[in-house]
Amino acid sequence: MPTARIFQRPKNSMQSGRANTDLWQLEFEPAEPKRADPLTGWAGSGDTRDQLRLSFPTAEAAIAHCVREGWDHHVVPAPESKLKLQAYADNFR
């Protein structure tokens, strides 16, 4: 039985845009640990669900999808965004 993790992506700190931060993502927990390939050294596993990522408009829609498919799931709450309000004059104090 696969276990799904439902979360909302935080804003990318390297960019000013907020694209796709309102969508809820569904990812699967890894079923087996990654192992190094002896030839290339790259990390990989035989679990193909690691490559699957689904987007939903709401957390309820993602939960309903998990229930319909019979998957175990847990919801990670969205991180709180804190605004650091600062005036330009504060740089010279």
Side-chain angles (χ1 to χ4, degrees):
M1 177 88 46
T3 301
R5 180 172 65 106
I6 300 169
F7 65 98
Q8 196 170 21
R9 290 189 345 187
K11 178 186 165 303
N12 186 353
S13 62
M14 301 300 290
Q15 297 177 345
S16 62
R18 301 187 65 83
N20 296 329
T21 58
D22 56 339
L23 296 177
W24 287 82
Q25 302 287 323
L26 183 140
E27 290 181 347
F28 290 101
E29 299 290 336
E32 61 184 52
K34 294 192 184 282
R35 59 188 181 281
D37 182 32
L39 181 62
T40 62
W42 293 0
S45 70
D47 185 21
T48 58
R49 285 185 299 227
D50 187 38
Q51 303 169 7
L52 182 64
R53 179 176 293 152
L54 301 174
S55 298
F56 294 93
T58 63
E60 291 78 20
I63 293 170
H65 182 75
C66 288
V67 170
R68 184 173 58 245
E69 297 295 327
W71 298 333
D72 294 333
H73 64 280
H74 66 278
V75 178
V76 178
E80 292 184 22
S81 60
K82 298 179 182 176
L83 293 177
K84 183 179 178 184
L85 300 176
Q86 182 177 353
Y88 179 71
D90 292 340
N91 293 332
F92 303 101
R93 292 186 184 169

On a heavy-atom basis, which atom in [X] and which in [Y] lie closest, and how many Å separate them?
X     : Y     : value
Ser45 : Arg35 : CA-NH1, 3.7 Å
Leu23 : Pro57 : CD2-CA, 4.2 Å
Gly41 : Ala36 : O-CB, 4.3 Å
Ser16 : Lys11 : O-CE, 3.7 Å
Ala62 : Phe56 : CB-CD1, 3.5 Å
Cys66 : Leu26 : SG-CD1, 3.3 Å

How far does [atom1] of [X] sit from [atom2] of [Y], to the nearest 0.5 angstrom?
X     : Y     : atom1 : atom2 : result
Thr48 : Phe28 : OG1   : CZ    : 10.0 Å
Asp22 : Arg9  : CG    : CZ    : 10.0 Å
Ile63 : Glu60 : CD1   : CD    : 6.0 Å

Checking side chain to side chain contact (heavy atoms under 4.5 Å, CB included) for the pair Asp47/Lys34: CA distance, chi angles, key distance, verdict?
CA-CA 9 Å; Asp47 185 21; Lys34 294 192 184 282; over 6 Å; no
Sidechain-backbone polar pair: [X] side chain, [Y] backbone, donor-acceptor under 3.5 Å:
X     : Y     : value
Thr21 : Arg18 : yes
Glu29 : Pro2  : no
Gln25 : Arg53 : no

Apply side chain to side chain contact (heavy atoms under 4.5 Å, CB included) to His74 and Thr3, showing your working.
CA-CA 8 Å; His74 66 278; Thr3 301; 4.1 Å; yes
Do Leu52 and Val67 belong to the same hydrophobic cluster, where Ile, Leu, Val, Met, Phe, Trp and Tyr are linked whenever their side-chain heavy atoms lie under 4.5 Å apart, directly or via other members?
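Hydrophobic grouping puts Leu52 with Val67.
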When the ring planes of His65 and Trp71 are compared, do they come out parallel, tilted or perpendicular, using 30° and 60° as the limits?
perpendicular
